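To keep things clear, I will list the structure first and then write my remarks on it.
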Amino acid sequence: VLVRLAMGAMIAEKGPAVPVILDDALVFSDDARIERMFDAINRAGRQQQVIVLTCRARSFASLGGTQLRIVQGGET
């Protein structure tokens with residue numbers, strides 16, 4: 001996760017900012033590690049767009065931002 005955030009920052013220094021996409025990258029993190037990663041994501045999000053795809057939306061709610069929910073047809 002830190003490498004992806006750093007690469008996004010390095011690319012943005014050379015040209016237009018690009019979003020960093022994290023696809024359930026923290027799914028196996030323990031509580032202490034996930035809090036440190038949330039801090040890093042929050043800092044990165046101040047300078048660039050960070051898109052987090054996760055099935056643990058409640059865990060990520062503290063990061064703020066806009067939450068979108070994708071549901072399969074027929075579900076509400």
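If you read the sequence from its start, that first residue is 1, and numbering goes on from there. Heavy-atom basis, side chains included; hydrogens, waters and symmetry copies ignored. Every value quoted in this text rests on a predicted model; they were computed, and no experiment measured them.
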* Asked: Looking at Ile51, Leu5, Ile11, which one forms a side-chain contact (heavy atoms from CB on, under 4.5 Å) with Val20?
  -> Leu5
* In one Ile/Leu/Val/Met/Phe/Trp/Tyr side-chain cluster, 4.5 Å: Met7, Val1 -> no
Kindly list each side-chain donor-acceptor pair under 3.5 angstrom involving residues 40-49, sequence neighbours excluded, with atom names and distances?
unit_1	atom_1	unit_2	atom_2	d
Arg43	NE	Asp39	OD2	3.3
Arg43	NH2	Asp39	OD2	2.5
Gln48	OE1	Ala9	N	3.4

* Asked: Under 6.0 Å from the CG atom of Asp30, do we count more than 12 heavy atoms belonging to anything else shown?
  -> yes
* Under the side-chain hydrogen bond (donor to acceptor under 3.5 Å, both in side chains) rule, what pairs show up with a residue in residues 3-27, not counting sequence neighbours? -> Asp24-Thr54
* For residues Phe38 and Leu63, report the shortest heavy-atom separation together with the two atoms involved. => O-CD2, 3.4 Å
* To do: Taking all heavy atoms of Ala17 and all of Ala12, pick out the closest pair and write down the distance.
  => CA-CB, 3.9 Å
* To do: Tell me, with the steps shown, if Leu53 and Leu22 meet side-chain contact (heavy atoms from CB on, under 4.5 Å).
  => CA-CA 6 Å; Leu53 306 173; Leu22 303 173; over 6 Å; no
* Within a strict 4.5 Å, meaning less than it, do heavy atoms of the Leu2 and Met37 side chains meet? -> yes
